[in-house]
There are 2 protein chains.
Amino acid sequence: MKDFRGWGRAILPAMSESTEEPGPSEPSLDEQIAAYQREFRDLDPQVEQVVSALGRLNRRMNVAYGRQVAALGISNAEWEVLKTLVLAGAPYRLGPGELAKRLGLTPAAMTHRIDRMAGEGLVTRDRDENNRVRVIVELTDEGRTKWLEAMRMASDFEEDLLQDLSGDERGVLGELLVRLLRRVEHAQPDAGGRLTDLD
Amino acid sequence: MKDFRGWGRAILPAMSESTEEPGPSEPSLDEQIAAYQREFRDLDPQVEQVVSALGRLNRRMNVAYGRQVAALGISNAEWEVLKTLVLAGAPYRLGPGELAKRLGLTPAAMTHRIDRMAGEGLVTRDRDENNRVRVIVELTDEGRTKWLEAMRMASDFEEDLLQDLSGDERGVLGELLVRLLRRVEHAQPDAGGRLTDLD
DNA sequence: CCTTCTAAGTTTAGTGCTAAAGTCTTCGAG
DNA sequence: CTCGAAGACTTTAGCACTAAACTTAGAAGG
């Protein structure tokens, strides 16, 4: 076999987030929960449903985002950088270290990502004139345009994703997710994996 | 600086899923939504809340899973393989190709992952006697034990995560997530990124 | 000033991944 | 029966990332 036909569009270029697209033979969510229950009696199916659906949903969404931004000629990794710079607000500047922290990368990885993106004209990289140890990464107009295009695609996609949910349901879902998020953000797993409150 | 103290445990060994741990200076969810709205008027804050909370939640959870299974001496990537083999049911066997499809990896990556895991005694790799082109990857007793230990930690963690939600709320959350999941699983984004129904 | 320390980035080595080429077995047609 | 094609991995090349070493600018102390 010359090339892996069948792996075609399933395999995306490297991205910063999970892009695993499960194959078609993956068991359905219900089958999966039933199988785990057979092997592990203590499993709470309600908890497992929430957690597994969250995981699958996110993987599918990341694949979809990757495909969409790829159509704009950027990778998901690059899109993350654009988003972070826009979030910082005008004049859309951050240092490599700060960018690395926010994206959860090492400074080394950031150096290379900025190299690429500067080469593509999405950002500029300059030394800070006031403190020549510091480097300033700034969004170019082209980068800002790319971000806007990607944002438009993403928000259309997200609106479609939630299409089947009523306004009330969207509100409830958002509120429940925010409560879970607070639980993970304001707590750290202890040695046993249990979440211990920090405040 | 000799080593990057401060990047310590935040950076985990490579895993199959997103393990990016956002730094402490990342804006809060509300700040993020407000910032995006300033830059992009068409944004629906309710949709953005759901989607962003989903994304953040998943990233945090993956970091937590990674830390937990690391305590058992396995990586998140290895745990994914163990889960997939257990899901296949006794006698816990699958070929590399099938494993790769279900995990969303290329066969090449699977070859190397199986090498490592066979070296660690978590699985065995043998040629199929009936069809010598095929290879059979089978979970060892040690691999099964590791899976069980990881599963126990994971389900404790998941129970803790949902601790603040009542039974009813868990049910509602699960149901809403399953509906979103169905929407992404039964539809494919078209060229414009819109989801088109397949059935 | 002139060390010494520390912070911010960059460089180097090694890992795990994808894409594509290569190997080996089996199957099917002539 | 033999040859060609297809299937199921494995190997090779190249990329993005982490960990750790290195570089250089500014800060602190004598």
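Throughout, a chain's letter reflects where its sequence line sits, starting with A, and its residues are numbered from 1. When reading the values below, keep in mind they use all heavy atoms of this one structure, side chains included, and skip hydrogens, waters and symmetry mates.
Using a 4.0 Å heavy-atom distance criterion, A:Arg125 is classed as a sugar-phosphate-only contact.
For the pair B:Asn76 CG and C:dG16 C1', the computed distance is 14 Å after rounding to whole Å. The distance from atom CD of A:Glu80 to atom C1' of D:dC17 is 15 Å, rounded to the nearest whole Å. Rounded to whole Å, the distance from CG on B:Asn131 to C1' on C:dC24 is 12 Å. Following rounding to the nearest Å, A:Arg134 (CZ) and C:dG9 (P) show an atom-to-atom distance of 7 Å. Across the protein-nucleic acid pair, B:Met110 atom CE and C:dC17 atom P stand 9 Å apart, rounded to whole Å. For the pair A:Asp115 CG and C:dG9 P, the computed distance is 14 Å after rounding to whole Å. At whole-Å resolution of the value, CD1 in B:Ile74 and P in C:dG16 are 14 Å apart. Atom CG in A:Leu105 sits about 10 Å away from atom C1' in D:dT18, given to the nearest Å.
Nearest nucleotide to the side chain of B:Ala108, out of C:dA19, C:dA7, D:dC17: C:dA19. For B:Val133, whose side chain is taken as the heavy atoms from C-beta onward, the closest listed nucleotide among C:dA7, D:dG7, C:dT10 is D:dG7.
Here CG of B:Leu162 is found 5.0 Å from CZ of B:Arg170. Values are rounded to the nearest 0.5 Å. A distance of 6.5 Å separates CG of A:Leu177 from CG of A:Leu54, quoted to the nearest 0.5 Å. Atom CD1 of B:Ile74 sits about 6.5 Å away from atom NZ of B:Lys146, to the nearest 0.5 Å.
Contacts of residues 82-91 of chain B with DNA chain C (heavy atom under 4.0 Å): none.
Two residues, A:Arg132 and A:His112, neighbour DNA chain D, and the one matched to the more 5' nucleotide by heavy-atom proximity is A:His112.
Under the 4.5 Å side-chain heavy-atom criterion for Ile, Leu, Val, Met, Phe, Trp and Tyr, B:Ile136 and B:Leu85 are members of distinct hydrophobic clusters.
Taking a cutoff of 4.0 Å between a charged side-chain nitrogen and a carboxylate oxygen, A:Glu39 and B:Arg144 qualify as a salt bridge.
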Requested in this report: Take B:Asp160 and B:Gln163 through the test side chain to side chain contact (heavy atoms under 4.5 Å, CB included) and record every step on the way to the result.
Outcome: CA-CA 5 Å; B:Asp160 266 16; B:Gln163 184 186 289; 4.0 Å; yes
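Taking 4.0 angstrom as the limit, B:Arg113 places none of its side-chain polar atoms (N or O) nearer than this to OP1 or OP2 of C:dT18. For the pair A:Arg116 and D:dC17, the criterion of a side-chain N or O lying under 4.0 Å from OP1 or OP2 is met.
Classification of the B:Phe40-A:Trp147 ring pair by plane angle, with boundaries at 30° and 60°, yields perpendicular.
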